[in-house]
Asks: 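Here you go, one structure.
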Amino acid sequence: MAQSTITLPDESTMQVAAGTTAAEIAETIGPALARDAVAAQINGQTVDLSTPIGDDVELAIVTVDSAEGLEIYRHSAAHVMADAVVRLFPEAKPTIGPAIADGFYYDFAVDEPFTEEDLTRIEAEMDKIIAADLPFTRQDVSPAEARAHFEQTDNAYKVELIDELVEEGEQNISLYQHGDFVDLCRGPHLPATGNITAFKLLSVAGAYWRGDESNPMLQRIYGTAYPDQKMLDDHLKRIDEAKARDHRKLGRELKLFSFFEEAGAGLVYYHPNGAMLRQLVTDFTIKEHLKRGYELVRTPHLIKSTIWEISGHAQQDYPMYYTDVEGQSYGIKPMNCPGHILIYNSETRSYRDLPIRYFELGTVYRHERSGVLHGLLRVRGFTQDDAHIFCTPEQLTDEIVGVIEFAQDMLSTFGFDEYEVLLATKPDKAMGTDEMWEQGIEALAAALEECNMDYQIAPKEGAFYGPKIDIAIKDALGRLWDGPTIQCDFNMPERFDITYVGPDGQEHRPVMVHRVVLAGIERFLGALIENCAGDFPLWLAPVQIRILPITDRNVTYADEIAKKLREEDLRVEVDGESATLQAKIRDAELMKIPYMLVVGDREQESGQVAVRSRQEGDLGPQPFEEFMATVCAKARIQAT
RNA sequence: GCCGACGUAGCUCAGAGGUAGAGCAGGUCACUUGUAAUGACCAGGUCGUCCGUUCGAAUCGGACCGUCGGCUCCA
């Protein structure tokens with residue numbers, strides 16, 4: 001009998017009879033491996049465990065604890081869900097159902113949308129399919145056969161997918177079947193439905209076929225699956241944890257901000273605590289910009305529409321608001337760049353002036369569609385820590401490096417140390433020549449490399465005026481938030497015809513970089529609130545100290561020390577209510593105030609305060625002056 | 001904008017074709033308290049808005065406003 005030589009990842013080799021399956025080899029290596037195996041990699045290609053091995057190959061067993069293995073596991077769960085749906089709703093047409101970051105989904109074309117109650121029924125049906133332990137089998141067929149199958153089930157969506165595959169040059173179409181359910185699928189899959197142990201369906205939502213809003217709306221069911229129940233429970237617990245620190249909930253509880261239905265959606269009202277938090281963040285931001293050679297500018301909210309025609313926003317149908325002033329059309333600024341360009345253009349600039357870095361806390365308005373608004377994360381009026389850098393092409397990479405380093409400094413001060421970085425290239429709907437785009441992409445890539453940043457290319461994701469770097473920041477729960485963006489612009493300088501005089505006495509075109517670090521201040525505050533669950537570090541706490549007089553006799557003393565603390569720029573409140581100390585402590589704890597000073601007759605007589613720290617609990621009495629010195633020092637530390 | 005769900009007191013929520021309820025928050029009074037809720041009393045709602053169906057609508061239908069989960073888009 002013919003033998004095949006298998007090389008395993010640890011370089012060891014084994015001899016097996018030709019035709020032995022990957023599953024059998026896993027079994028030979030060990031029962032634990034066989035149990036966790038979901039697929040195999042043969043010469044780097046991921047295939048089903050049931051694949052027989054004919055030649056000498058490199059083989060790796062893919063287990064469910066790898067990212068790839070988990071994806072396969074969840075993808076199989078999606079198939080089981082689709083099967084369950086079709087069993088319960090024979091009219092439903094399955095379309096596409098992939099694994100995603102935290103689970104999987106499947107989109108169905110149905111006449112009636114699914115209800116929450118349907119999810120329970122579908123889960124029960126899935127349990128049956130899993131209990132039946134139906135093997136997943138692969139079948140490679142011709143496009144014609146595949147088409148015939150899905151035409152028979154009247155599924156135009158699958159037929160469309162097959163036609164696309166054929167266009168891409170596929171000769172073979174793979175179908176996966178378990179029980180009676182057949183799906184168009186690249187695979188691979190688990191050996192059988194029984195391999196799925198823990199899953200849960202989470203929600204149902206509308207989604208456009210292929211993500212295009214001109215296409216029909218499908219019904220999407222989201223679910224998740226984990227190799228064991230405990231992992232699933234942990235995941236569900238994380239969802240609850242995220243809910244508990246939702247910035248919209250905390251925004252109300254901590255009296256930070258609100259929205260008013262009667263005043264307009266997506267427009268934020270900052271209450272005293274929120275306005276203080278915002279001010280602390282923006283004061284810090286301004287200071288850091290000035291340190292790095294930026295200059296403050298300020299531009300109006302209303303600019304004649306002719307400027308928006310020059311900038312191209314008008315022609316791009318940018319979602320902005322317009323108004324009319326004495327018969328002239330004005331646009332409410334959705335971006336700060338044209339204003340900064342006007343200032344740049346107000347004088348003849350020399351190469352000796354460059355780089356010029358204009359910074360503005362620029363408040364902009366954008367007409368975001370009603371369905372996308374989301375707390376502070378997606379609003380219609382927001383403020384950016386926006387700057388535009390005008391520089392020579394030679395200075396470009398250094399300037400971008402400067403921005404990246406600045407962004408890292410800022411974010412880490414606020415407690416964000418992990419990032420995911422994208423470099424976005426030319427979209428279909430774009431201005432500027434290919435050559436300009438290439439230059440920009442090169443400069444951005446060079447800067448990222450100089451900063452040793454790992455990044456991924458996001459094809460066609462650039463702004464219409466230039467390529468960009470998008471940095472997403474990771475929070476305490478591992479969630480990603482939109483963060484800094486650095487956008488090259490070879491286009492706007494052209495349109496506004498801005499120049500500088502070079503050493504040769506000739507006019508040259510400067511490069512323009514748009515960049516935000518915190519990005520939208522509102523959005524950043526949302527991320528900040530959720531990252532620390534409303535428990536702000538001392539330097540950012542809207543109220544740093546609350547003084548709790550034990551009796552009415554102690555209120556005057558409390559007011560006195562409050563005055564002294566305020567003179568040191570500390571943010572202090574006195575709780576003068578006639579309530580018990582316990583009740584006052586509870587209130588202050590719920591407001592997540594970092595320090596409580598309990599003052600009764602004893603403290604008053606001795607000039608002391610009894611300190612209770614939110615983090616460390618009761619610290620006992622100490623001289624007031626001593627506390628003030630300590631807390632002043634701590635409040636100055638701008639790091640989390 | 002699209003699909004679905006939802007909107008009852010400041011907040012969290014119960015109720016439901018016959019005219020609205022709780023807890024917390026708020027106010028008043030009493031208490032003057034030592035490290036996460038003192039007690040009593042009071043006040044508070046044209047049940048998101050408008051239009052319709054009905055003898056009668058908070059309850060049923062429609063439109064609009066807003067919120068939530070997604071799609072899409074984006075700082």
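Note that this is a predicted model, so its numbers are computed, not measured.
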Asks: Between the base of B/A75 and the ring of A/Phe382 - centre-to-centre under 5.5 Å, planes within under 30° - is that a stack?
Replies: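 The ring of A/Phe382 is stacked on B/A75.
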
Asks: Please determine whether the number of non-hydrogen atoms from other residues, nucleotides or ligands lying under 6.0 Å from atom CZ of A/Arg292 exceeds 12.
Replies: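 Yes.
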
Asks: Is it the case that the base of B/C73 and the side chain of A/Arg378 share a donor-acceptor contact (distance under 3.5 Å, atom types as modelled)?
Replies: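 Checked by distance alone, the answer is yes.
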
Asks: Tell whether A/Glu116 reaches the base of B/G69 with its side chain through a donor-acceptor pair below 3.5 angstrom.
Replies: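 Under the 3.5 Å cut-off, the side chain and the base do not form any donor-acceptor pair.
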
Asks: Record whether the side chain of A/Arg369 comes under 3.5 Å of the base of B/U72 through a donor-acceptor pair of N or O atoms.
Replies: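 Yes.
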
Asks: For the residue pair A/Ser203 and A/Arg220, confirm or rule out a side-chain donor-acceptor distance under 3.5 Å.
Replies: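 The answer is no; no qualifying pair exists.
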
Asks: Is a donor-acceptor contact shorter than 3.5 angstrom present between the side chain of A/Arg523 and the base of B/C74?
Replies: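 Check passes, donor-acceptor contact within cut-off.
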
Asks: Please state how far atom CZ in A/Arg380 lies from atom P in B/C74, giving the value in whole angstrom units.
Replies: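 One finds 16 Å between P of B/C74 and CZ of A/Arg380, rounded.
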
Asks: Restricting both atoms to N or O, compile the protein contacts to nucleotides 25-28 of chain B shorter than 3.5 Å, with distance only.
Replies:
none

Asks: Is the phosphate of B/C11, meaning OP1 or OP2, less than 4.0 Å from a side-chain N or O of A/Lys249?
Replies: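 No, outside the criterion.
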
Asks: Mind checking who B/G66 pairs with, Watson-Crick or G-U wobble, both distances under 3.5 Å?
Replies: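 B/C6 is the nucleotide pairing with B/G66.
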
Asks: Does a side-chain N or O of A/Arg553 approach OP1 or OP2 of B/U33 to a distance below 4.0 Å, or not?
Replies: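 For B/U33, OP1/OP2 do have a side-chain N/O of A/Arg553 under 4.0 Å.
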
Asks: Is it the case that the side chains of A/Lys333 and A/Thr299 hold a donor-acceptor pair, with the cut-off being a distance below 3.5 Å and no angle test?
Replies: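 Yes, because at least one side-chain N or O of A/Thr299 sits under 3.5 Å from a partner of the opposite role on A/Lys333.
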
